[in-house]
Novice: 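Take a look at the following structure, please.
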Amino acid sequence: METLKHWSLLHECIVVSLLFTAVGKACDAPSSPECFRRTAEAPDYRCEWSTNNTTESNVKFDLYIDEVRVRNIARTWFEINEKPFQRLKNRSVKIWVEAHIGNSRCASTKRSVVLSHTVKYEAPKDISMSWLKNNLSLSWTPSEEHPAAAEILLRRDANRTDSWGKITTNTTSDTSMHHVLVENLLKDTAYQVQIRYRSTKALNPLWSDWSPVVIVPAELEQKPEVTMNITLSNGTRKVALTWKEMPHAATYSLNETQSSHGCTCKKRRDYPINTTETTYITFVSYSAVKIFVNGRNAAGSSPPAILQIPAVPAAELKVCDNTLLNIKPKKKTCPEWFELQDEDLWPRSVSDTDIKDYVRYLYFEHKCIDGKPWTLKMCLFYQKEGAPLREPQDFIAFSETDTSNLSWKAIPSTDQRGFLTHYSLCSVKVSSQDERKECHNISASVMKYRLGNLTQGTKYNVSLVGVTRVGEGPEATVTINTLPEKPVNVLWSLCLLILFVILTTMCTCILKRIKDNIFPAVPTPVIPDFIPYQPESQDFLERKEEVDDLMLLQLHPEIKSVPEDAEESAVLAGEWEEDTDEDEDNERWDSRMLGRSSDECLISGSTEEALRKSREGEMTDVEQLENEIAMLIYKKGLVFDVKRDSL
């Protein structure tokens, strides 16, 4: 029996233990509640707590504020009006929360607070940001106008696994925004940011909840690189814009300003135009237009790319009717006026009520057709004209002998005070007061003129004035000294003539030399007159050739020996006899034939005389040698003369 009792007690203990375990799991105690106002002057209170019983849909909460009990709250917060707690708000009260699931209950710890001293702001939202060099400015809508304490969590967006860095600072505030400046960051880097803040005026301030994570993009430092293509189409212009994609840019903003009083077919609320594309097409009228393009992201905008589209230049703009201001514009048309103060500057847009006298204006009349602005009329306008205030600018002259080249710049448009009809150019000689002034009218579009028929070596005064329909303006003057005629330099002319003759002679010689080299002259043979010899008798013709024997005698040994040179000469003479060409024989033939008889006689006589003297021994050795060398050798009718000069 005792054993059975022990088993029954053990069973009861196990059941009780299981019941307590089930109750513990079903009801977890919630956190201690926080009751606060959103601002120090807010009439309502809000109490918040947290719990782990989020999976249970039938969890109910009872809120206790001292003896006041609020039952069956289905959420983890509750808002109550100040009136039920009017007597409790300025004294310390105890607050707690009790959760119950079915029959199980669990309560939070109790907390003592003074309700009127506790303020908790809402989490920052609509956070705006901008870069100021390497400092990040953060702004959001405040709960109260006075400054607050703020905590900021930062980390690089590229390193999302890194731990957060915390910065604690105070805000600066104005009537609409709280501002915080985070210094010493990298403006070309994106960051993740979270913010919370609390009051500095409340006695028991609570930190607000953290804001959602905000991505701060890098700063856009460069303006977009935009290319523009304009197509003219009979009253309107098609403008196609293209630009390169910008890093860190989320969108692109375009704004079109035709003029402050301009005409556009789009409503003003349509601007600026935001797009994520990198192309844009628009239509503009003939008047001057400016288009702005910039990149945008959450941290701000890039510098704008400004595209200036000037007014369509007209070759010959007409002059507007003087009654233009008195005529009411047509329906659905838009007039536009531009003041042309300086042609180098962008024209200033004005309204028709600001038209002044003596000022030039450019008038346009536009109309919207199929959503596109079309220019129907454009002209130049003066409400009232006058004479020019200034003379033509930079009036200069370049003198020559009998002409002078003149040039100038136009009168500035602000000083013309009317439409120039022409320029008046006048010239007069300075030498005499009786000289008549000669004037010429020059077109208003011309800036150069050639003044002719001037007297050489003379001084002239030349004046130029601009003329409008009202009258002439001040004159610009210049003095011209024409160059005198130069006398002919005789010496210089003579030198040139001599140089010409020399060059001509040299060229003639060179050409003749070249001709002789290329075409040499053929020599003309010289044929002497032939006179046949007529012998006196037939016997002479029939005379036969006689050959004498030539004997060379050796000198006596006792006589002085002949020099070796003489011997060599004798040998050479013999060799000459053998080696003489037939050509030389032929050359001498004619002369030998003519004097043949006399030659034979001479040779025979000389030979005999030499032999005779050698026999008699009367000749000296030298004379004998000379005779031998000078001896004529006759062989087969040919005579060879050995000259003494060859020795």
Side-chain angles (χ1 to χ4, degrees), residues 224 226-243 252 254-273 275 277-293 305-352 354-355 359-383 410 413 419-420 443-445:
V226 185
T227 58
M228 177 174 59
N229 185 24
I230 302 175
T231 304
L232 199 64
S233 178
N234 193 23
T236 188
R237 289 181 288 180
K238 178 183 178 181
V239 181
L241 304 177
T242 305
W243 57 89
Y252 300 94
L254 295 96
N255 202 351
E256 175 186 323
T257 59
Q258 194 137 359
S259 68
S260 58
H261 306 279
C263 305
T264 177
C265 294
K266 293 183 179 181
K267 298 180 180 179
R268 293 190 180 275
R269 65 173 177 267
D270 295 335
Y271 290 101
I273 298 171
T275 179
E277 303 294 331
T278 56
T279 58
Y280 181 72
I281 295 177
T282 186
F283 290 86
V284 298
S285 65
Y286 279 6
S287 61
V289 182
K290 287 184 181 180
I291 298 178
F292 302 85
V293 181
I306 303 175
L307 307 174
Q308 294 187 353
I309 306 175
V312 173
E316 295 181 358
L317 274 180
K318 296 181 179 180
V319 177
C320 301
D321 190 354
N322 291 335
T323 61
L324 183 63
L325 288 175
N326 301 326
I327 300 175
K328 187 177 181 181
K330 298 178 182 179
K331 290 184 178 181
K332 297 184 179 180
T333 60
C334 177
E336 191 174 21
W337 298 85
F338 287 94
E339 182 179 344
L340 300 178
Q341 290 288 350
D342 194 336
E343 295 180 358
D344 295 333
L345 299 177
W346 192 258
R348 186 171 66 91
S349 176
V350 296
S351 64
D352 55 358
D354 297 330
I355 303 299
V359 177
R360 179 181 296 184
Y361 295 93
L362 183 58
Y363 173 77
F364 292 92
E365 190 173 297
H366 310 299
K367 185 177 182 180
C368 289
I369 302 175
D370 297 331
K372 303 173 185 177
W374 291 74
T375 300
L376 305 178
K377 182 179 180 180
M378 56 187 300
C379 58
L380 294 173
F381 179 78
Y382 273 100
Q383 180 171 265
S413 58
F419 296 109
L420 285 181
S443 173
S445 61

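This structure is a prediction, so every number in the text was calculated from the model and none was measured.
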Novice: So which atom in Q308 and which in K290 form the shortest heavy-atom distance, rounded to 0.1 Å?
Specialist: NE2-CE, 3.6 Å

Novice: Roughly how far, to the nearest 0.5 Å, is CD1 of I309 from CD1 of I230?
Specialist: 4.5 Å

Novice: Provide the closest heavy-atom pair for I355 versus F381 in the form atom of the first, atom of the second, distance.
Specialist: CG2-CE2, 4.0 Å

Novice: Restricting to non-hydrogen atoms, name the atom on A311 and the atom on L362 that form the minimum distance, rounded to 0.1 Å.
Specialist: CB-CD2, 4.3 Å

Novice: Do L380 and L340 pass the side-chain contact (heavy atoms from CB on, under 4.5 Å) test, and can you show the C-alpha distance, the side-chain angles, and the key distance before you say yes or no?
Specialist: CA-CA 10 Å; L380 294 173; L340 300 178; 3.9 Å; yes

Novice: With a 4.5 Å heavy-atom cut-off, do Y280 and V293 have their side chains touching?
Specialist: no

Novice: Would D354 and S351 count as a side-chain hydrogen bond (donor to acceptor under 3.5 Å, both in side chains) if you check the C-alpha gap in whole Å, the side-chain angles of each, and the deciding distance to 0.1 Å?
Specialist: CA-CA 6 Å; D354 297 330; S351 64; 3.1 Å; yes

Novice: Is F283 close to W374 at the side-chain level, that is, under 4.5 Å between some pair of heavy atoms?
Specialist: no

Novice: In sequence, state the C-alpha distance, the side-chain angles, and the governing distance for I273 and T282, and then conclude on side-chain contact (heavy atoms from CB on, under 4.5 Å).
Specialist: CA-CA 11 Å; I273 298 171; T282 186; over 6 Å; no

Novice: Kindly compute the distance separating SG (C368) from NZ (K332), expressed to the nearest 0.5 Å.
Specialist: 10.5 Å

Novice: Return the NZ to SG distance between K367 and C334, rounded to the nearest 0.5 Å.
Specialist: 12.5 Å

Novice: What heavy-atom pair brings L420 and A444 nearest, and what distance separates the two atoms?
Specialist: O-CB, 3.6 Å

Novice: I want to check something: taking the side chain as every heavy atom from C-beta on, are V312 and T375 in contact at a cut-off of under 4.5 Å?
Specialist: no

Novice: Sub-3.5 Å donor-acceptor pair from the side chain of R237 to the main-chain atoms of S285, do we have one?
Specialist: yes

Novice: What distance do L324 atom CG and Q383 atom CD have between them, rounded to the nearest 0.5 Å?
Specialist: 10.5 Å

Novice: Kindly determine whether F364 and Y286 satisfy ring pair (Phe, Tyr, Trp, His ring centres under 6.0 Å), including the steps that lead there.
Specialist: CA-CA 8 Å; F364 292 92; Y286 279 6; 7.9 Å; no

Novice: In terms of the angle between their ring planes, are Y363 and W337 parallel, tilted or perpendicular, with boundaries placed at 30° and 60°?
Specialist: tilted

Novice: Looking at L307, I281, T279, which hits side-chain contact (heavy atoms from CB on, under 4.5 Å) with L241?
Specialist: L307

Novice: Do M228 and V226 have side-chain heavy atoms sitting under 4.5 Å apart?
Specialist: no

Novice: Do any N or O atoms from the side chain of T242 and from the backbone of T227 form a donor-acceptor pair under 3.5 angstrom?
Specialist: no

Novice: Rounded to the nearest 0.5 Å, how far apart are OH of Y382 and OH of Y361?
Specialist: 10.0 Å

Novice: In Å and rounded to the nearest 0.5 Å, what is the CH2 to OG1 distance from W243 to T278?
Specialist: 6.5 Å

